Asks: 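After the structure tokens below, expect a handful of questions from me.
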Amino acid sequence: MLDRKFILQNIELVADNCERRGVSCDVSQISQLETQRLEKLQLAQELNRQANEISKQIPKASDAEERNALIEKGRQLRQEKDDAQKTCDELDQTILEIQTLIPNLTHADAPTGGEDNAKELGFGKTAKPGFDFQPLDHLQLGEKHDLFDFEGGARVAGAGFYFLRNAAVRLDLALQQFAINFLCERGFTPVATPDVALTEVLKGTGFNPRGPETQIYSIENTELNLVATAEITLGGMMSGQTVSASELPIKVCGLSHCFRTEAGAAGRASKGLYRVHQFTKVEMFAFTLPDQSAAIHEEMRSLECELFDALEIPYRVVDTASGDLGGPAYRKYDLEAWMPGRGEGGQWGEVTSTSNCTDYQARRLNVRYKIDGEKGTHFLHTLNGTAVATGRAMIAILENHQRADGTISVPQVLRPFVGSDTIGG
RNA sequence: GGAGCGGUGGCUGAGUGGUCGAAAGCGCCGGUUUGCUAAAUCGGUGAACCGGGAAACUGGUUCCGCAGGUUCGAAUCCUGUCCGCUCCGCCA
């Protein structure tokens, strides 16, 4: 969420930004509501001050009559105060609801537009494979090597769930191991997170667990929801905390399962493992000082590149366009891996994404930092980035590393974890 | 799941319904002293929000796990809830 004062002082800028992001929202309404709220707030505070004064006089009252008169006066003042406070709270709630809809500001260099307007920034070290045979998609490869059981998954949990089998399990674990090791060596603290989180935490990180378009599975009769990404739990981990500036940046990598309903995704390319209701992900997350976040965003992007270079997967990097950023991100880079089995003759498919959320999540989650020796506190910046989402990474590995005989070469760096050089054969 | 106890400032830890944003100690910051360090000593030391001020700063409101309630007035009494600890039961 954006700072309320900032919104009020920059109504046009914020409204323009909403439009650029494709979010419809009555920004100007906040202004008058806030004026009313402040009036009521000041009234409530003044009444409360008067009531406090009266209360202090009561023990000093000289006789019962004076005492009773003061008590009555105090009672009245508190009643008036409660009324003013109630109106104030209601206004605050209304403003907050609008405020929550307003997306983060947008980096000046981020392209404007939707999905098709993403700007290509570069490519990985691995070239697209030139097959001299008809390549199979990951489903066909899975069939051949008994890697997935979608029918069984559907019987157990419905469409969109699946079993991994045999080498797919080992590949899945290998990817997690490799990513965790990789990030530990680069200063990230590994964290295995809860797979559920409270509704408040979801909202704080910018996820809305209600409504028809929600991506979130909620657990009935509780405030708990299955997480869609460890970003939720890692951000929530520090909610309400104030940390010393000297402790920043805090860099963690979280391992969690991710659950997504994929509501409204029907009809989109969703063959096999690409769009599923559950997958496993290693996620980078950082809490930083405001002037560190841009550099750490670049660092996360380059770590993602290093990882996918190490996995020998061809990819491109894109700068996501304004309409495709989601609420919290100020800027977002995606890595799109080449997936030979997608569409006709292959397509790019998103495998990672890293966002600089500036203070947008921190404000809602109330995570602050304090500079030693200085008065007051400030909101810190949060960033997140996928290290590896195992399902999609697996698609890229299987489809890019297949050979004419149908066997699949395991990327060098994963071989120690997988326990073999080849799948099949 | 049952029984008991507890949640207070950066930490430890007092707290009588009104004078408590809260004793004391530790820590931290600043001064004095000291050849340096240590010690001693004096002073200061929470946050959010609203208002005044160019600013240093200053007036006010709120905050003693959280949410309600009683009361003119709640850290203090009542209810609910969450969390922690101990004991018992159950369990991967």
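As the structure is a prediction and not an experimental result, all values here were calculated from the model. The basis for the numbers below is simple: all heavy atoms, side chains too, and nothing from hydrogens, waters or symmetry mates.
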Asks: Between the protein and nucleotides 48-50 of chain B, are there any N/O to N/O pairs under 3.5 Å, and if so, what are the atom names and distances?
Replies:
residue, atom, partner, partner atom, Å
B:A48, OP1, A:Thr377, N, 3.0
B:A48, OP1, A:Thr377, OG1, 2.8
B:C50, OP2, A:Lys5, NZ, 3.3
B:C50, O3', A:Gln42, NE2, 3.4
B:C50, O2', A:Gln42, NE2, 3.1

Asks: How far does the C1' atom of B:U79 sit from the matching atom of B:C91, given to the nearest Å?
Replies: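 Their C1' atoms lie roughly 33 Å apart.
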Asks: Using purine N1 to pyrimidine N3 plus N6-O4 or O6-N4 for Watson-Crick, or N1-O2 and O6-N3 for G-U wobble, each under 3.5 Å, what pairs with B:G25?
Replies: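 B:C11 - that is the nucleotide pairing with B:G25, both distances being under 3.5 Å.
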Asks: Could you give the NZ-to-P distance, from A:Lys375 to B:G44, as a whole number of Å?
Replies: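 Between P of B:G44 and NZ of A:Lys375: 14 Å.
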Asks: Determine the contact category for A:Lys370: base if any of its heavy atoms lies under 4.0 Å from a base atom, sugar-phosphate if only primed atoms, P, OP1 or OP2 are that close, otherwise nothing.
Replies: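 Since only primed, P, OP1 and OP2 atoms lie under 4.0 Å of A:Lys370, the category is sugar-phosphate.
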Asks: Kindly say if A:Asn52 contacts the phosphate of B:G18, meaning a side-chain N or O under 4.0 Å from OP1 or OP2.
Replies: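 Answer is no, no contact under 4.0 Å.
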Asks: Is the ring pair A:Tyr217/A:Phe161 parallel, tilted or perpendicular, if the boundaries are 30 and 60 degrees?
Replies: tilted
Asks: If we only count heavy atoms from C-beta on, is the A:Asp3 to A:Phe379 side-chain gap below 4.5 Å?
Replies: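 No. Closest side-chain heavy atoms not under 4.5 Å.
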Asks: Can you name the closest pair of heavy atoms from A:Ser256 and A:Thr193 and give their distance?
Replies: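 The pair with the smallest heavy-atom distance is CB-OG1, 3.6 Å.
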Asks: Could you tell me how far apart A:Lys86 (NZ) and B:G68 (P) are, to the nearest whole angstrom?
Replies: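 After rounding, the gap between these two atoms is 13 Å.
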Asks: Measuring from atom CG of A:Leu398 to atom CD1 of A:Ile423, what distance do you get when rounded to the nearest 0.5 angstrom?
Replies: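 Between atom CG of A:Leu398 and atom CD1 of A:Ile423 there are 5.5 Å.
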Asks: For nucleotides B:U32 and B:G84, find the distance between their P atoms and express it as a whole number of Å.
Replies: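 Per the computed distance, 49 Å lies between those P atoms.
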Asks: Return whichever of A:Arg78 or A:Asn48 has its heavy-atom-nearest nucleotide of RNA chain B closer to the 5' end.
Replies: A:Asn48
Asks: Tell me: CG of A:Asp82 to C1' of B:G69, nearest whole Å?
Replies: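 Atom CG in A:Asp82 sits about 13 Å away from atom C1' in B:G69.
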Asks: Between B:C83 and B:A92, how far apart are the two P atoms, rounded to whole Å?
Replies: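 These two P atoms come out 23 Å apart once rounded.
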Asks: Given atom NZ of A:Lys56 and atom P of B:C20, what is their separation to the nearest angstrom?
Replies: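 After rounding, the reported distance stands at 10 Å.
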Asks: Let's test this: given Watson-Crick or G-U wobble pairing with both distances under 3.5 Å, identify the partner of B:U86.
Replies: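 Pairing partner: B:A3.
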Asks: Hey, does the Lys NZ or Arg CZ of A:Arg392 hover above the aromatic six-ring of A:Tyr274, less than 6.0 Å from the centre and inside 45° of the axis?
Replies: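 Ring-cation test returns yes.
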Asks: Does a sphere of radius 6.0 Å around NZ in A:Lys73 hold more than 12 heavy atoms from other residues, nucleotides or ligands, not counting ones at 6.0 Å or beyond?
Replies: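 For A:Lys73, atom NZ is not crowded (no more than 12 foreign heavy atoms under 6.0 Å).
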Asks: Tell me which nucleotide, if any, is Watson-Crick or G-U wobble paired with B:G51 when both distances must be under 3.5 Å.
Replies: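 By the stated definition (distances under 3.5 Å), B:U58 pairs with B:G51.
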Asks: Of all heavy-atom pairs between A:Ile313 and A:Ala337, which one has the smallest distance, and what is that distance?
Replies: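 Distance-wise, the nearest heavy atoms are CG2-CB, 3.7 Å.
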Asks: If you round to the nearest 0.5 Å, how far is CG of A:Leu77 from CG of A:Leu47?
Replies: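 Those atoms lie 6.5 Å apart.
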Asks: What interatomic distance, in whole Å, is found between C1' of B:G52 and the corresponding atom of B:A40?
Replies: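 Result for the C1' pair: 43 Å, nearest Å.
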Asks: Which base, if any, makes a Watson-Crick or G-U wobble pair with B:U16, both distances under 3.5 Å?
Replies: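 Check on B:U16: unpaired, no WC or wobble geometry under 3.5 Å.
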Asks: What integer number of Å spans the P atoms of B:C88 and B:U81?
Replies: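 Here B:C88 and B:U81 have their P atoms 26 Å from each other.
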Asks: Which whole-number value in Å describes the distance from A:Gln76 CD to B:G73 P?
Replies: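 Taking CD of A:Gln76 and P of B:G73, I get 13 Å after rounding.
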Asks: Whole angstroms only, please: what is the CZ-C1' distance between A:Arg49 and B:C72?
Replies: 16 Å
Asks: Please measure how far the C1' atom in B:U12 lies from the corresponding atom in B:A23, and state the result in whole Å.
Replies: 13 Å
Asks: Write down the distance between CG (A:Asn68) and C1' (B:U71), rounded to a whole number of angstrom.
Replies: 14 Å
Asks: Heavy-atom count around A:Glu97 CD within 6.0 Å, excluding the residue itself: above 12?
Replies: yes
Asks: Under a 3.5 Å cut-off for both distances, is B:G30 Watson-Crick or wobble paired, and to whom?
Replies: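 B:G30 is paired with B:C42.
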Asks: For atom P, what is the distance between B:C63 and B:G73, given to the nearest Å?
Replies: 13 Å
Asks: CD of A:Glu53 versus C1' of B:U61: gap in Å, rounded?
Replies: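 After rounding, the gap between these two atoms is 13 Å.
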Asks: Could you give the distance separating B:A47 and B:G35 at their C1' atoms, to the nearest angstrom?
Replies: 43 Å
Asks: Who does B:A92 pair with, Watson-Crick or G-U, both distances under 3.5 Å?
Replies: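 The answer is none; no pair meets the criterion.
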Asks: Suppose we define a pair by two distances each less than 3.5 Å, Watson-Crick or G-U wobble; what does B:U81 pair with here?
Replies: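 Answer to the pairing question: B:G65, which forms a Watson-Crick or G-U pair with B:U81.
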